[in-house]
There are 2 protein chains.
Amino acid sequence: MQKAAKKKPPTIREVAARAGVSMMTASRAINGKALVSAKSQQAVEQAVKDLGYVPNASARALVGSADRRVALLHSNSTTSAYLGELLLGALGEAPQRHLHLVVEQCAPGAFAKEIVDQVSKAHVAGVILPPPLCDWAELVEALQARDIAVVGIAPDGDVPGMLAVGTDDRHAAYDLTRHLIDLGHRQIGFISGNIRHRASARRLQGFRDCLADRGIKLDERWIVPGDFSYRSGLDAAEQLLSLDTPPSAIFACNDDMAAAAITVAHQRRINVPGDITICGFDDTPLASAIWPALTTIRQPIRDMAREAIGLLGAHFSSQDEGAGEETLGRVKLDYQLIRRQSDAVPARH
Amino acid sequence: MQKAAKKKPPTIREVAARAGVSMMTASRAINGKALVSAKSQQAVEQAVKDLGYVPNASARALVGSADRRVALLHSNSTTSAYLGELLLGALGEAPQRHLHLVVEQCAPGAFAKEIVDQVSKAHVAGVILPPPLCDWAELVEALQARDIAVVGIAPDGDVPGMLAVGTDDRHAAYDLTRHLIDLGHRQIGFISGNIRHRASARRLQGFRDCLADRGIKLDERWIVPGDFSYRSGLDAAEQLLSLDTPPSAIFACNDDMAAAAITVAHQRRINVPGDITICGFDDTPLASAIWPALTTIRQPIRDMAREAIGLLGAHFSSQDEGAGEETLGRVKLDYQLIRRQSDAVPARH
DNA sequence: GTGAAAGCGCTAACAA
DNA sequence: TTGTTAGCGCTTTCAC
C-alpha cells in the first residue's frame, strides 16, 4: 500500500557537509574552475564518490549564464538514421559543454521566417543545421539576424559567419580511388550524384585528381550521371556494363547506387567482387545489409554532431569573454575507408 | 566590439504583471490544473501570446515533484535509424508529460548490475527499453528492484510488472497475407525469421491462420527458414524459386530478406512484381530505397516511443496518487500496410 | 583560499 | 478564486 520512501539524490550541500567544507568550496572543487586547496579538492572528490553525487542539471541551468539551449533543427528530409547518429553525438557532448539540447522539427514547406519564429520561441542561443537546411542561405541569415549562432553539418558551400563541420569529400574520393588503383584496377567507372550537389562534384574531382596523379587515362564514357537514387544507379550501371570495354571497377557516389550496381551485375551473372569491384560512399545501413557488403567511405556523422556542439560551446565562451570578433570555425573531420566484401583485384583477361 | 544586449526571455512574473494578476494565478492559468476565473484565464493567455512566453523547463524541474527524469537506454545493437525514430517520438512527448528525457548507451557486454548502476546514477525514475534489452529479464528485474519503472518497446514476451508497447505481429502478418490473397495469390511462399524471436513465430502464425481461414492449403515446402539477414534471404529465395512449383508470391519476414528475394528474382530474370510478388516487413529505409520499392508493414516506432512516455507518465501519476497498486499497461498500436511497387496480381499461366 | 548571502524561475503549501 | 511565503539546488557576487 505505502511505497518505500524515495531516496532523494544527494545534493551539493550533503557533499559539502561530508567533506567538511562549505557548499561553495564543494561547488568550486566539482567544477574545477576556481582555485581550491588540494586538501579540500580531495575531500570533496571522495565525498562525491561516496554519495554518488551527480550535479542537478536543472539547478545549474536555472542559475543563469551557465547553460544555454541549442537546437538541433531537422526537416522531414533528414532520415531517421542520419538524425539518430546526429542525436547520439550531440546528446553525448552537450552536457559536457553545459549546453541543453532541444530537438525541433521544421514543418515541410515552411518559410524561413516561420522557422526562425519557432526557434526563437524555444529560447535557443544556437542551432545545428544538418543538410539540406544548412544550404538554405535565407534561413541561415534570418537566424543570424536574430543573433542565433548557426553551425552547419557538412554544408555544400561556405557561408560567411556560419560555423561548420564536415569532411573532405574530394580527399575521401581520392583515397577510395587510390584504393581501387592499388588493387590493380585501371578501368574504373564512376556513377556520379546529383550535379546540383557540390559534394557530388567534389567527389568526382577527387576521382579525377587521383587518376591524373597516377597517370591513368580516363575514358569519359566511364563517367555516367546518377541522382543518388537506387533507381538511377540501376540505369547507370546498365549503361556502364553495356559498353564494349566495361570497367573492372565501379565507384558509385553513394551506397544506394552502388547497391543498384550490384543488383545489375547479378542480373547479368557477373560476380561481385570476382568479376567486378563495386564501391559505395556514405556507409549507410544499406552498405552492410546487402551481400556482398559494400566497401565504402564512412562519414563520421556522430562525430560531426559532437564537433558541432563543441564549436557552439567555444563560440559562446569567446563571446562571453568579449574576445574581439567571433572566432569562426570550420572543422574537417576524418572520414574512414570501410573495406568490406565488394572489392577485389581485377579478374585476369 | 560590444554586443547588443541579449533579450532575456520573458518570465512568468512579466506575464503576471501584464495580465494584472499574481504569479500564482498566472502559473495556474498556464498549467490549467487548478481553478481560475475565466477572466484571469483569458488575460493570462493573452499576455503569454503577446510576450511569446515559454515556461522555463529547468525551473519547473527544480521545484521538485513536477518533472522526473526518464532514460532511453540503448545498446549498440540498436540501429541508428531505430534509435532516431524512438528519440523523435520520445522527445516530442516528454515535455508534455513533464518528463525529462536522457539518453543512455549501455556498454557492449556489460552486466545487468553495471547498467543498473549507471542508470541509477542518472537519477531516473523510469527507463525505456528497446529490443533486445526489454527481453533481458535479469536487467528488467534489477531495474525494478531499484524501484525504477520499466517500459519495453515491442518486447518478445510478457514480463510481469513491466509496462510495454508493441504491435500485434500476428495480426499484421494476417493482414499482409490477406492482402496477397485478395490480389489473387494462392501459392504463397514464406521466408521466416530467426526462430528464437517470438515475433517471428507470431508472424508465421498470422500467415498460417489467414491461409487456414481462407481455406487455402499450404505446401510446407513453401515455408523456408531465414535469420533476418540479407544473406539468409538470398538462400531462402533460391530455395523457393527452385521448387518445381514455385510460389507466385513471397512473404518475407523482414525487409532485408525481401530485398534479397528481389535480387534473386532479378538474377533469374523473373520480373517483380509482374511475375512474382514479394513483400517485406518493418518498413526500414531499405524498403523504399530499392526498386521496386517494397510493399511492407510499418511498425510505428515513433508512436511506440510516444506511448512509452505516456505510459510512464500515467504510471507516475497513479503512483503519486497512491492509487491501489500500480496501473500496469500494455498498449498495442496499429501497424500500417504500406503498399508500394513490389506486389501485383499473379501472372496468368 | 574560503565562506555567507542573494537569487535564478517556478510552484507547493498555506492563508485570505 | 486569488495572493503570500518559502524554497527547490546551484552558482554568482562580494566579503573575509
Side-chain angles (χ1 to χ4, degrees), chain A residues 6-45 47-48 51-69 95 98 100 122-123 125 320-321, chain B residues 6-45 47-48 51-69 95 98 100 122-123 125 316-317 320-321:
Chain A
K6 288 272 175 194
K7 274 172 302 216
K8 289 239 170 202
T11 73
I12 199 172
R13 180 172 278 112
E14 296 167 50
V15 172
R18 193 176 224 277
V21 298
S22 74
M23 272 173 61
M24 267 323 299
T25 304
S27 171
R28 286 193 266 252
I30 289 162
N31 293 301
K33 288 288 174 193
L35 297 319
V36 180
S37 72
K39 188 163 160 281
S40 309
Q41 181 73 40
Q42 276 199 316
V44 171
E45 280 173 7
V48 166
L51 266 34
Y53 169 76
V54 177
N56 182 317
S58 300
R60 272 189 171 161
L62 186 55
V63 80
S65 57
D67 286 44
R68 304 190 203 231
R69 292 160 64 94
H98 286 232
H100 273 195
H123 305 315
D320 289 344
E321 288 158 15
Chain B
K6 288 273 174 193
K7 275 174 304 220
K8 289 241 168 199
T11 72
I12 198 172
R13 180 173 279 109
E14 297 167 49
V15 171
R18 193 174 225 277
V21 298
S22 74
M23 276 171 59
M24 266 323 295
T25 303
S27 170
R28 287 192 265 250
I30 289 162
N31 293 300
K33 288 289 173 192
L35 299 316
V36 181
S37 71
K39 186 161 159 281
S40 309
Q41 180 74 40
Q42 274 199 318
V44 171
E45 279 173 9
V48 166
L51 268 32
Y53 169 77
V54 177
N56 182 317
S58 301
R60 272 188 171 163
L62 187 54
V63 81
S65 57
D67 287 44
R68 305 189 201 230
R69 292 160 64 94
H98 287 231
H100 273 196
H123 303 316
F316 295 141
S317 303
D320 288 346
E321 289 160 14

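Letters go in sequence order (proteins before strands), and every chain restarts at 1.
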At less than 4.0 Å, is any side-chain N or O atom of [X] found next to OP1 or OP2 of [N]? Yes or no.
X	N	result
B/R60	C/dT11	yes
A/N56	D/dC8	no
B/S40	D/dT2	yes
A/S22	C/dG3	yes
A/S27	D/dT11	yes
A/T25	C/dG1	no

Rounded distance in Å - [atom1] ([X]) to [atom2] ([N]):
X	N	atom1	atom2	answer
B/L35	C/dA12	CG	C1'	16 Å
B/N31	C/dG9	CG	P	17 Å
A/L62	C/dT11	CG	P	12 Å
A/Q42	C/dG1	CD	C1'	16 Å
A/I30	C/dT2	CD1	P	14 Å
B/I12	D/dG3	CD1	P	12 Å
B/M23	C/dA13	CE	P	17 Å
A/Q41	C/dG1	CD	P	12 Å

Taking it one step at a time, do B/N31 and B/R60 satisfy side-chain contact (heavy atoms from CB on, under 4.5 Å)? CA-CA 11 Å; B/N31 293 300; B/R60 272 188 171 163; 2.8 Å; yes
Would you check, one step at a time, whether the test side-chain contact (heavy atoms from CB on, under 4.5 Å) holds for B/T25 with B/V36? CA-CA 7 Å; B/T25 303; B/V36 181; 4.1 Å; yes
Exercise: identify the closest heavy-atom pair between [X] and [Y]:
X	Y	value
B/I30	B/Y53	CD1-CE2, 3.6 Å
A/V21	A/A26	CG2-N, 4.1 Å
B/V15	B/A47	O-CB, 3.7 Å

Between C/dG1, C/dC10, D/dT1, which one does the side chain of B/S37 approach most closely?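 Closest of the options to the side chain of B/S37: D/dT1.
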Among D/dC10, D/dG3, C/dC10, which is the nearest nucleotide to the side chain of B/R28?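 Of D/dC10, D/dG3, C/dC10, D/dG3 is nearest to the side chain of B/R28.
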